[in-house]
Amino acid sequence: MDERTVGTACVLASAVGFGATGIFGTLASDIGLSIPTVLVFRFAIAAVVLWLLLAVRGRLRPLSGRTFVYAIVLGVAGFGAMSGFYFWGLEYLTAGLVAIVLYTYPAIIVVVTIATNPNRVSRSLVAALCLSLGGVALIVGADPTGADPRGVLIVFAGAVSYAGYVIGSERVLESVDPELLTAHVLPAAGIAFLAIGLAMDAFTVPAATETAAWGVLAGLSILSTAVPILLLYAGLPRLGASRAGIVSTAEPAVAVVLGAVILSESVTVATVLGGGLVVVGVLLIHRRT
């Protein structure tokens, strides 16, 4: 099996794992786990997995100075904020719709590019931006009840946070291994949600006998966080960032399918068409970057 095929398989498997995040989030909510509780354990367990792997490979080392500060900021204001908005959005939208709205983050990066570096903007990028945002508008306009505007705004805030994380991490990754950066980002996000949970009296540790709760937390932390991250990093050098981005557009489709099969979420024509526009927009962006 050639390297490109292996890379494609890794990135596709990663997209499936990330696409299942909303399923675990909905299941966690159904059994009464608060958002801070879910995210503290998600980031803590995933971080331990990543630390152990880096230690076994002899690549674990603490960041320091400005790089360490950047990692903390990226963890709290970027990846952590995105996750908080994502899980909050699940209270208003289906897992599939949350994934579709979140996937507008490449379009948001295009907006930043237009504002900061107009010379890099092309007609195809502007068209991609219009397609992505138009897809969300179609979903909300066609079914304002099923696509609760409050949920759309919440998850869109998550997309903005994630776009900031992607843009901010580009500079750090010039001098830091991506797995090592992530090993610092995850605990930073976890500590932030621990503080939020304690301040709101919303953080609890499930009892040892609550097997359903621990099963959901383990599934979310390992199958939809640690493993997809590692698979993505395994696929990137084999496939390249642009091709990996194209393959990863399977993520919202996976979320919609899993939501329908596992959670019996309804899939409307507007969801399919709007989601399709978002994905086409993202594909155009990746083809031009």
Check against side chain to side chain donor-acceptor pair (under 3.5 Å), Tyr103 and Ser248: CA-CA 10 Å; Tyr103 227 73; Ser248 68; 3.0 Å; yes
Intermediate values then yes/no, side chain to side chain contact (heavy atoms under 4.5 Å, CB included), Val278 and Val136: CA-CA 7 Å; Val278 171; Val136 175; 4.2 Å; yes
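Residues passing the side chain to side chain contact (heavy atoms under 4.5 Å, CB included) test with Leu258, sequence neighbours excluded: Ala20, Ile23, Val254, Ile262. Judged as a side-chain hydrogen bond (donor to acceptor under 3.5 Å, both in side chains), and not counting sequence neighbours, Ser221 has no contacts. The side chain to side chain contact (heavy atoms under 4.5 Å, CB included) test applied to Ile108 returns Thr104, Phe156, Ala159, Val160, Ala163, not counting sequence neighbours. Listed by chain and number, the residues in a side-chain hydrogen bond (donor to acceptor under 3.5 Å, both in side chains) with Thr271 are Thr268 (sequence neighbours excluded). Partners of Leu194 under the side chain to side chain contact (heavy atoms under 4.5 Å, CB included) rule, at least two apart in sequence or in another chain, are Val40, Leu198, Phe203. By the side-chain hydrogen bond (donor to acceptor under 3.5 Å, both in side chains) test, Ser224 pairs with no residue at all, sequence neighbours left out. By the side chain to side chain contact (heavy atoms under 4.5 Å, CB included) test, Val176 pairs with Leu63, Thr67, Val172, Leu180, Leu181, sequence neighbours left out. With sequence neighbours left out, Trp214 forms a ring pair (Phe, Tyr, Trp, His ring centres under 6.0 Å) with Phe41. Applying the ring pair (Phe, Tyr, Trp, His ring centres under 6.0 Å) test to Tyr162 and every residue at least two apart in sequence or in another chain returns Tyr105, Tyr165.
Counting only residues at least two apart or in different chains, side-chain hydrogen bond (donor to acceptor under 3.5 Å, both in side chains) contacts with residues 250-259 are absent. For residues 29-50, the pairs satisfying side-chain hydrogen bond (donor to acceptor under 3.5 Å, both in side chains) are Ser34-Thr37, Arg42-Ser83, Arg42-Thr225, with sequence neighbours left out. Applying the side-chain hydrogen bond (donor to acceptor under 3.5 Å, both in side chains) test to pairs two or more places apart or on separate chains, those with a residue in residues 174-188 are Arg57-Glu179, Arg59-Asp177, Arg59-Glu179, Thr182-Tyr233.
Judged by distance alone, with hydrogens and angles left aside, the side-chain atoms of Thr26 form a donor-acceptor pair with the main-chain N or O of Gly22 at under 3.5 Å.
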